[in-house]
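If you're wondering where the values come from, they're calculated on a predicted model, not measured in any experiment. So that the names make sense, note that chain A is the first sequence line, chain B the second, and so on, each numbered from 1.
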2 protein chains.
Amino acid sequence: VVCRGLYRALCIREKNMQQSLQRFPKTTSQYLRAIEGEPWKPSDAGPVFTPPVKDGQDPLDSGNLPEDLGYHVQMKDGIVYVYADKAAAERNEPKDLPYPSLENFIDDMNFLLVLIAQGPVKTYAHRRLKFLSSKFQVHEMLNEMEEMKELKNNPHRDFYNCRKVDTHIHAAACMNQKHLLRFIKKSYRVDADRVVYNAKGKQLTLKQLFQQLKLHPYDLTVDSLDVHAGRQTFQRFDKFNDKYNPVGASELRDLYLKTENAIHGEYFATIIKEVGSDLEDAKYQHTEPRLSIYGRSPEEWARLASWFNTHRVYSPNMKWMIQVPRIYDVFRSKNFLPHFGKMLECIFVPVFEATVNPQAHKELSVFLRHITGFDSVDDESKHSGHMFSTKSPKPEEWTSQKNPSYTYYIYYMYANILVLNNLRRQRGMNTFLFRPHCGEAGALTHLLAAFMTADNISHGLNLKKSPVLQYLYFLARIPIAMSPLSNNSLFLEYAKNPLLDFHEKGLMVSLSTDDPMQFHYTKEPLMEEYAIAAQVFKLSTCDMCEIARNSVLQCGLSHEEKVKFLGEKYQEDGPEGNDIRKTNVAQIRVAYRYETWCYELNLIAEGLKNE
Amino acid sequence: VVCRGLYRALCIREKNMQQSLQRFPKTTSQYLRAIEGEPWKPSDAGPVFTPPVKDGQDPLDSGNLPEDLGYHVQMKDGIVYVYADKAAAERNEPKDLPYPSLENFIDDMNFLLVLIAQGPVKTYAHRRLKFLSSKFQVHEMLNEMEEMKELKNNPHRDFYNCRKVDTHIHAAACMNQKHLLRFIKKSYRVDADRVVYNAKGKQLTLKQLFQQLKLHPYDLTVDSLDVHAGRQTFQRFDKFNDKYNPVGASELRDLYLKTENAIHGEYFATIIKEVGSDLEDAKYQHTEPRLSIYGRSPEEWARLASWFNTHRVYSPNMKWMIQVPRIYDVFRSKNFLPHFGKMLECIFVPVFEATVNPQAHKELSVFLRHITGFDSVDDESKHSGHMFSTKSPKPEEWTSQKNPSYTYYIYYMYANILVLNNLRRQRGMNTFLFRPHCGEAGALTHLLAAFMTADNISHGLNLKKSPVLQYLYFLARIPIAMSPLSNNSLFLEYAKNPLLDFHEKGLMVSLSTDDPMQFHYTKEPLMEEYAIAAQVFKLSTCDMCEIARNSVLQCGLSHEEKVKFLGEKYQEDGPEGNDIRKTNVAQIRVAYRYETWCYELNLIAEGLKNE
């Protein structure tokens, strides 16, 4: 019964990942087919990433955009449907694309909800995880010196020059506090008399703005800037959000950390480009900053794309993501939105339209080429009270002031990304991964929803509360971008962070900074993150390089770049896929991981054989 | 009785510090005089530091050296005596300088040995320390926001631009592993055909040397370099020492990390100058690297001074120290030395001679201007078995193969520094602080010996094992340079480090890196040290700036520089001595420290009143 449950859970994820053109590991698929007695066929479903720009090519080139398909897009029950034209929409005859079924999803979800609470399944998962921990410790004792020997004999490659990706970082906090401070001072030296602020029709120069705030930038310090998380923010996500306001002044946040303001987000763009240029100098670090789409107005996309193109906010070491804050309730209470469906419409319809007719949305189409995924963000510890079911109001009927639940948000984002990805693949365009914040706090259902819908997640702390989900994340090798320094300031003391435990068990963890502005002290926040983890958890070089390799596998870098950074066969599971000359991960380690993983998958297969 | 004991202990330290021209806090002196009913007079005994070079002045200028005094110096019973001439030496009529008395020292030591083991004294100290902890926590709860407000309103100064000194670092490991690796590769690109090695008369070029080692520098990585401390070094100081050999090859250590080799230490000098130049760029960081004098031959000083002068190893952000490894037993077993007295002679006589006749030892005299203190180094966990007493053999009689005890070493270093300092002050020259490694491991007697003799110490971990010594270090405000990352690799897990506990109680702790090559990952090791402490211990900005201020107070920077970095009155205890505009330490904090300290001193005074 236990094995049957785990088997079905994996099948649910496999189906959802394939439908939405996200990733599911080949090895797990092979075991699932073997259980079914079916032959395994390589799937052609998978994400499409924009290849890197070639020499001499303009990354923001808007020539060569595909022609208009003339399709009509329209939202129905919270999901965007694509029609040949308006008439087809009226006849309710959508184009032939996979559309998600709410009923199936709820069925699957209810099945999984029961599964993760079942006693025998819990016991089984708990025992297997404990076994995985002990097994790794034995592996270390036996093979640590061997792993090290492999790495010592590996020429030219070490932790410093193997690639690492900051898999979870918010653009508005991607610089450190000292960088922001320096930038503010510099801008004042250069731009004091420039009109930079427009409040209620009144125009203010930078000088006047600071006078109004009773501040002189020369005197500004990181203390008065006050963007760093301190002891005050622990368990206080609300206080933490205020830290985005330099000197507690939302005017400065608007001016320096926003894309829309009187200077069209120029300062923000410049800061980000400085961060990008530092990364290019450091060469081996990449980052995946998130920009916000709020879903308050359908123009947001066009404005964001215009900001991106105008200021040419491009760096080869950056891959962009879109984060959607779950703040329908805020917009609704201010009457900005009539219902939740409208929010979804603002988020997704513009992207569909640009996909159908790129020529008419040139800037957005170019911008979308550089977007690799969607994130869903907000304080997970807020409880919504709503239980997602087939009886839940449809998004267009969700007119109440209350915020929908995490799962509700996640489902509708996933559902739209699913349709969108299939449409974009048909057009030869890049697709998007769904990579929500998940399991930083709040209910276990969050992790369950992500298991069903997300290519990978950020945080995942709460996996330590559910052995079944943790084991499923292990079996499906779902990448988890962890940020122990962020957690240390907000939710969990450093030494208690499950990063080491997850890593030892073989979950696919990477390290990320989340918000360097708030959490880090040095000029290289990602290195700081790795250094502290290495020191506190006593990670070996092999551990660190394995985590770095995970980060490249998890991220939205293109196939071509991954080949360059990880080796030709990076898509193969097991030692075959590891090129030690590029990754500096010992083959002994990769072999151990692969054998251990196959052993666990095989246990399920064996368990089902006797049925 | 308890108070009498503590009072006498403090008097012992006061006397020894004043005699040796080291520091003892004014406030403690004032309380001691009050107890005695004596008026307090400011003491003129104290260290003399070389003032910073003025613009246009050459820091290595050897003009203007004082003339020859014609004195004769000669060691007797392990201590260098100064005579008007050889005849005076034969008459045993030394010049009028304070010479230490071994009998008094042993008396004092025996008194302290009894004191720290007395039940009532232990109880008293333990209770007071516990009280200090709780008191600080209450202070924090009440005043944390106020302290922060003070700092926010403090213009232009924050943690990044307040001065911090790396108070404990070894020159041979002052670069990080990546820096050393880069340097080795660079040297090969430039110098492949240069003769750099001289082994048994055979000369090798850099190329030949690497061929002999079967290595190509291009393939070299930080893994194969293998200088970083890993899990293997925990509790294994012996293995740690091997980490000084790049690629495990002592040839490379000789070539890149030594002052004496076929290229006269040029590479080592260049690396150090690169570290210095990085510090100058960063502006707010200083460092106090230790160079070794082994005491194996009297020529060591001249050779080291020649290296320093030839390569102009000078940086305004570096203050130099001399470390003496406690490895008499190694030299004796190889018959390099006839007895321990010879080792002391090699260490101290050349310095006396250069002090008496600087013109005849120009390079050394210039070098000594930049030396601010002596350190005593080695693995403290090795037990010697010898118990220092009046019956111990005199250094000249110490011919056995066994190593003298820590205390024996410490006493004779202290005794010679005492005479030397007084002689140098008479000549208007700079004096030296005694700053041994102490309490990293081993017996409590180490910390007791340092209490009697050292201006300040490195490590001090074992203070957590003796409440009486810990309380005495608190009362006498003895600075402790702590290196939790080093400890984490060698002796004590990070989270168990007493740094936070000591800091809360009000012991004067600073942060230092010890060996960036072995322990650190980033380009700014000292910032890494602060960042990790801040994250793991959740230090506030005020805490960090207080620790940074402690580091400046502790170090060997000149009076002029301390005035510049800490404010005019930095020598005053209490809030009067704190210039928040320079230190960014809240006055509330300094006032709290001062009141708390005076309260404890007053308790002793009150306790003695009733006698």
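Evaluation of the salt bridge (Lys or Arg N to Asp or Glu O under 4.0 Å) rule for A/D226 yields A/K243, B/K152 as partners, not counting sequence neighbours.
No side-chain donor-acceptor contact under 3.5 Å links B/K582 to the backbone of B/F565. At least one donor-acceptor pair under 3.5 Å links the side chain of A/N153 to the backbone N or O of A/K149.
Within the 4.5 angstrom heavy-atom criterion, no atom of A/H228 approaches chain B. Using a 4.5 Å cut-off between heavy atoms, A/K185 touches chain B through its side chain atoms alone. At a 4.5 Å heavy-atom cutoff, the contact between A/S540 and chain B is made by backbone and side-chain atoms alike. Neither the backbone nor the side chain of A/Y494 comes within less than 4.5 Å of any heavy atom of chain B. Only the side chain of A/R231 comes within contact range of chain B, judged by heavy atoms closer than 4.5 Å. If you measure heavy-atom distances from A/L225 to chain B, you find no contacts under 4.5 Å at all.
With chain A as partner, the option from B/M527, B/K178, B/E524, B/M148 having the largest number of non-hydrogen pairs under 4.5 angstrom is B/K178. Residue with the most contacts toward chain B among A/H156, A/E493, A/H520: A/H156 (heavy-atom pairs, distance under 4.5 Å). With chain B as the partner, the residue from A/L220, A/L485, A/T522 showing the most heavy-atom pairs under 4.5 Å is A/L485. When the candidates B/Y218, B/F159, B/F234, B/F519 are compared by the number of heavy-atom contacts under 4.5 Å with chain A, B/Y218 comes out ahead. Ranking A/N488, A/N161, A/T541, A/L539 against chain B, the residue ahead of the rest is A/N488, based on heavy-atom pairs under 4.5 Å.
Using non-hydrogen atoms only and a strict 4.5 Å limit, the part of residues 528-537 of chain B facing chain A consists of B/E528, B/A531, B/I532, B/A534, B/Q535, B/V536.
A salt bridge links B/K186 and B/E274; the closest N-O separation between the charged side-chain nitrogens and carboxylate oxygens is under 4.0 Å. Of the charged side-chain nitrogens involved, none lies within less than 4.0 Å of a carboxylate oxygen, so that A/E150 and A/R589 do not count as a salt-bridged pair.
Side chain to side chain, A/S483 and A/D514 fail the donor-acceptor criterion of an N or O pair below 3.5 Å. At a cut-off of 3.5 Å, with distance as the only test, a side-chain donor of A/D223 or B/N584 sits close to an acceptor on the other residue.
Below 30°, between 30° and 60°, or above 60°: for B/F240 and B/Y244 the angle between ring planes is above 60°, a perpendicular geometry.
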Practice problem: Begin from the C-alpha positions of B/L461 and B/N497 and carry the test side chain to side chain contact (heavy atoms under 4.5 Å, CB included) through to its verdict. | Solution: CA-CA 8 Å; B/L461 291 185; B/N497 200 287; 3.9 Å; yes
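Counting heavy atoms from C-beta outward, A/M544 and A/C162 have side chains that stay 4.5 Å or more apart. In this structure, the side chains of B/R549 and B/L566 come closer than 4.5 Å at one or more pairs of heavy atoms.
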